[in-house]
Amino acid sequence: MRKRSFFSLLLAGCVAGSMMVGCGSTSSKDEGATTKAAGSDAATSSADEAKEGEGSVLKVGMECAYAPFNWTQDTDTTPDGSKAEPIYDSNYYAYGYDVAVAQMLAKELGMELEIHKVEWSSIGISLDAGDYDCIIAGMGKTAEREMSYSFTTPYYYRDNCIVVKKDGDYAGVKGLSELNGKGVKLTTQLGTGWIPLLDQVDGAVTGTNFETTSECFMAVSNGIADVSIVDLPTAQSALLTNNDLSIIVLDEADTFSGDEEMVNVCIATRKDDTALRDKLQGAMDSIGWNDKAKMDELMEKAISQQPAAN
């Protein structure tokens with residue numbers, strides 16, 4: 001863009017017979033054709049910048065392995081015809097609640113969408129490294145994370161639950177206190193706000209946690225763990241293909257404390273990139289994405305569209 005401006009000014013200077021000045025600058029004594037040409041060139045430059053802004057790319061990081069929030073699939077559409085997004089630098093596609101939200105925001109902002117697949121354990125590191133510009137990945141806004149990243153308001157409100165073996169010793173549990181003193185084997189996903197909740201069960205056996213929620217569910221199915229702590233949509237998604245498991249939503253008077261942070265799922269940007277954070281927030285506000293009913297409706301759709309392999 002700077003080169004185009006330079007040659008436009010050079011051409012205008014030649015036509016007017018005036019002396020060439022420094023690139024991108026004009027003397028206060030310049031008049032007539034030179035001033036007019038410079039003004040015309042500035043208008044062209046502004047138009048180019050506007051077009052460049054409209055065509056910019058929203059680069060989003062997510063696991064693509066956390067159904068129903070996000071998953072990987074082979075095809076570019078879902079069963080109901082919804083458009084899946086190509087995963088950057090791969091032959092696969094991504095869809096899920098997070099992808100659908102990212103699509104809406106990119107459309108509202110007039111931007112192209114680019115999905116980057118990343119392991120959960122390095123999702124923040126890769127954001128800081130500049131591999132992508134924001135995280136839309138079912139991430140709960142916690143006090144610890146707010147020290148490192150900037151967050152929008154929630155784009156989803158979720159409930160937490162536990163998952164147990166359907167015919168196991170804990171299938172009839174209704175409250176957290178019923179797990180105390182029984183040596184129950186607990187598990188959850190690494191690097192999440194659920195980790196601190198493990199210590200709230202007296203006498204529990206902890207320490208075997210996993211990179212993905214799918215591994216957590218498999219651990220319960222195989223008897224490696226008795227109970228997995230997770231969010232309700234992810235558990236509902238898992239039960240579509242794991243009919244040996246059961247979901248328990250604990251009694252409100254006898255449940256985990258301090259899990260409120262995991263309820264609010266927000267978009268994260270780099271700590272100093274408040275401009276993008278505010279841009280995304282503006283798009284959310286513009287499309288009215290603060291309505292829980294709309295959020296729940298989209299989540300139900302996401303759950304219904306996921307491939308069996310997820």
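For the single chain, residues carry numbers from 1 onward in sequence order.
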Can you list the other members of the hydrophobic cluster that holds Val263, where links are side-chain heavy atoms under 4.5 angstrom apart? none
Salt bridge (Lys or Arg N to Asp or Glu O under 4.0 Å) partners for Asp226, two or more places apart: none
Under the ring pair (Phe, Tyr, Trp, His ring centres under 6.0 Å) rule, collect the residues that match up with Tyr156, sequence neighbours excluded. Phe69, Tyr97
Who pairs with Asp128 by side chain to side chain contact (heavy atoms under 4.5 Å, CB included), at least two apart in sequence or on another chain? Tyr149, Arg270
Tell me which pairs pass side chain to side chain donor-acceptor pair (under 3.5 Å) where either residue lies in residues 185-194, with sequence neighbours left out. Glu63-Gln189, Asn160-Trp194
Sequence neighbours left out, what passes side-chain hydrogen bond (donor to acceptor under 3.5 Å, both in side chains) with Ser82? Give chain and number order. Asp80, Lys301
Determine whether more than 12 heavy atoms belonging to other residues, nucleotides or ligands lie under 6.0 Å from atom CD of Glu146. yes
Would you mind listing the cluster partners of Ile87? Hydrophobic ones only (ILVMFWY), side-chain contacts under 4.5 Å, chaining allowed. Tyr92
Partner set under side-chain hydrogen bond (donor to acceptor under 3.5 Å, both in side chains) for Lys83, not counting sequence neighbours: Glu85
Value rounded to 0.5 Å, distance of OH in Tyr93 from CD in Gln73: 9.5 Å
Who are the side chain to side chain contact (heavy atoms under 4.5 Å, CB included) partners of Asp169, not counting sequence neighbours? none
Reported CG-to-CE distance for the pair Asp98 and Met139, which is rounded to 0.5 angstrom: 10.5 Å
Got a donor-acceptor contact below 3.5 angstrom from the Ser126 side chain to the Ser122 backbone? yes
Set out, in order, the CA-CA distance, both residues' side-chain angles and the distance that settles side chain to side chain contact (heavy atoms under 4.5 Å, CB included) for Thr212 and Trp120, then state yes or no. CA-CA 8 Å; Thr212 67; Trp120 177 254; over 6 Å; no
Can you name the residues that form a salt bridge (Lys or Arg N to Asp or Glu O under 4.0 Å) with Asp296, not counting sequence neighbours? Lys292
With sequence neighbours excluded, tell me which residues meet side chain to side chain contact (heavy atoms under 4.5 Å, CB included) with Lys59. Val57, Glu114, His116, Tyr132, Asp133
Tell me every residue that passes side chain to side chain contact (heavy atoms under 4.5 Å, CB included) with Ala204, counting only those two or more places apart in sequence or in another chain. Val184, Leu186, Val201, Thr206
Please check if atom CE in Met218 has more than 12 non-hydrogen atoms from other residues, nucleotides or ligands closer than 6.0 Å. no
